[in-house]
Protein chains: 2
Amino acid sequence: MEKKIKMTPQRAAIMEYLDGNMSHPSADEIYTEVHKMYPMMSFATVYNTLDALKKQNMVWELSVDGDRRRYDPRTEPHDHLVCVDCRSIKDIGHNGHKCPSGDELKGYMILREHVEYFGLCPKCQRKRGMGGDG
Amino acid sequence: MEKKIKMTPQRAAIMEYLDGNMSHPSADEIYTEVHKMYPMMSFATVYNTLDALKKQNMVWELSVDGDRRRYDPRTEPHDHLVCVDCRSIKDIGHNGHKCPSGDELKGYMILREHVEYFGLCPKCQRKRGMGGDG
DNA sequence: CTTGGATTTGATAGTAATTATCCCGATTAT
DNA sequence: ATAATCGGGATAATTACTATCAAATCCAAG
């Protein structure tokens with residue numbers, strides 16, 4: 001682990017918001033929510049803090065959503081179920097899967113693996129009519 | 001399959017550039033390269049065309065790189081090996097892995113799955129000194 | 001408690017990727 | 001041929017994110 005980061009009210013507020021949060025919020029959502037309780041919070045601080053937390057491996061930055069980065073306070077290996085309609089992200093366990101043949105990874109040093117399942121959540125299936133097409 | 005898209009010189013040029021391309025280029029790279037041969041090509045057309053190709057499932061849009069979207073003309077199931085330093089992306093076969101327990105996927109309709117392996121390519125391992133740190 | 005240095009904050013400007021708009025030209029249907 | 005539709009090019013607008021920097025805050029030493 002790198003050197004510890006200094007705890008500040010702003011950082012505490014962000015960590016408190018993220019703790020146990022399963023919604024995989026974007027920086028914008030984090031700002032909006034935390035700002036309600038701590039109006040002195042600035043956007044830059046959100047990005048700064050997320051950056052610090054990333055370096056500490058206290059938060060994961062997900063690129064699952066092409067539109068914006070999403071943040072996940074769970075940092076044990078796990079995978080994600082992404083709804084292609086509403087962009088909701090659900091954690092699922094990492095079921096350890098067959099690694100590709102050694103040849104394919106030749107020379108690479110693997111640090112982390114992540115499975116993304118793209119699909120439709122129950123709600124969005126209904127919204128689409130599912131069978132009626134939209 | 002949706003309705004067929006109209007073929008135009010611009011679209012043909014982009015498809016020609018993408019065909020067999022393993023570099024997973026960004027829209028910017030596609031524009032730059034195609035523009036060399038077809039100077040009348042505009043940026044908007046690149047995005048329009050990629051959009052059309054996506055809808056036809058003739059190209060995949062990858063969100064592996066948080067900074068920009070990357071495009072992949074291979075649309076059979078396969079996974080990716082991503083270098084966290086140089087951001088290069090290498091195709092690897094999809095080795096079909098243990099699906100999560102039915103419970104976790106409850107109610108979801110899975111359309112596609114994708115494994116991303118984050119690591120260091122041989123070149124970047126050397127650049128880092130790998131043991132010397134940089 | 002005060003000083004001093006380092007770090008963090010917050011406002012904002014800047015950048016880069018992507019999307020929207022608008023109008024023209026090409027193509028298609030009638 | 002005419003009207004409607006669609007694609008293309010230029011560019012403005014939007015959005016997410018990064019950089020900058022003065023002022024506030026914290027921590028250690030005295």
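The figures that follow rest on heavy atoms only: side chains count, while hydrogens, waters and symmetry mates do not. Each chain gets a letter, A, B and so on, in the order its sequence line appears, and its residues count up from 1.
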Is the phosphate of [N] approached by [X] (side-chain N or O, under 4.0 Å from OP1 or OP2)?
{"X": "S42(B)", "N": "dT11(D)", "answer": "no"}
{"X": "T8(B)", "N": "dG8(D)", "answer": "yes"}
{"X": "T45(B)", "N": "dG9(D)", "answer": "yes"}
{"X": "Q10(A)", "N": "dT25(D)", "answer": "no"}

With respect to the side chain of [X], which nucleotide from [options] is positioned closest?
{"X": "R11(A)", "options": "dT8(C), dA20(C), dC17(D)", "answer": "dT8(C)"}
{"X": "Y47(A)", "options": "dT9(C), dT12(C), dA16(D)", "answer": "dA16(D)"}
{"X": "A44(B)", "options": "dT9(C), dA16(D), dA10(D)", "answer": "dA10(D)"}
{"X": "R69(B)", "options": "dA11(C), dG9(D), dT18(C)", "answer": "dT18(C)"}

Expressed in angstrom and rounded to an integer, what is the separation of [X] atom [atom1] from [N] atom [atom2]?
{"X": "D28(A)", "N": "dT14(D)", "atom1": "CG", "atom2": "C1'", "answer": "13 Å"}
{"X": "I5(B)", "N": "dG7(D)", "atom1": "CD1", "atom2": "P", "answer": "8 Å"}
{"X": "D65(A)", "N": "dA17(C)", "atom1": "CG", "atom2": "P", "answer": "18 Å"}
{"X": "E61(A)", "N": "dA16(D)", "atom1": "CD", "atom2": "C1'", "answer": "12 Å"}
{"X": "K6(B)", "N": "dG25(C)", "atom1": "NZ", "atom2": "C1'", "answer": "12 Å"}
{"X": "L53(A)", "N": "dT8(C)", "atom1": "CG", "atom2": "C1'", "answer": "14 Å"}
{"X": "M40(B)", "N": "dG7(D)", "atom1": "CE", "atom2": "P", "answer": "18 Å"}
{"X": "Y31(A)", "N": "dT15(D)", "atom1": "OH", "atom2": "P", "answer": "16 Å"}

Between atom OH of Y117(A) and atom NZ of K90(A), what is the distance when rounded to the nearest 0.5 Å?
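Those atoms lie 12.0 Å apart.
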Please check: side-chain N/O of S63(B) versus main-chain N/O of S63(A), any donor-acceptor pairing under 3.5 Å?
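Judged by distance alone, yes, a pair lies under 3.5 Å.
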Hey, which of these two, G66(B) or P9(B), hits DNA chain D nearer its 5' end, going by closest nucleotide?
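Nearest nucleotide further toward 5': that of P9(B).
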Ion pair present between R128(A) and D85(A), side-chain N to carboxylate O less than 4.0 angstrom?
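Salt bridge present between R128(A) and D85(A).
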Before accepting this row, confirm whether a basic side-chain N of the pair R74(A)/E76(A) lies closer than 4.0 Å to the acidic partner's carboxylate O.
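So R74(A) pairs with E76(A) through a salt bridge.
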Closest-nucleotide 5' rank along DNA chain C - winner of N48(B) and Y71(B):
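Of the two residues, Y71(B) wins.
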Centroid-to-centroid, H78(A) to W60(A), below 6.0 Å?
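They qualify: ring centres under 6.0 Å apart.
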Which part of the nucleic acid, if any, lies within contact of D67(A), taking any heavy atom under 4.0 Å across all strands shown: a base, the sugar-phosphate backbone alone, or nothing?
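D67(A): backbone/sugar contact only, no base atoms under 4.0 Å.
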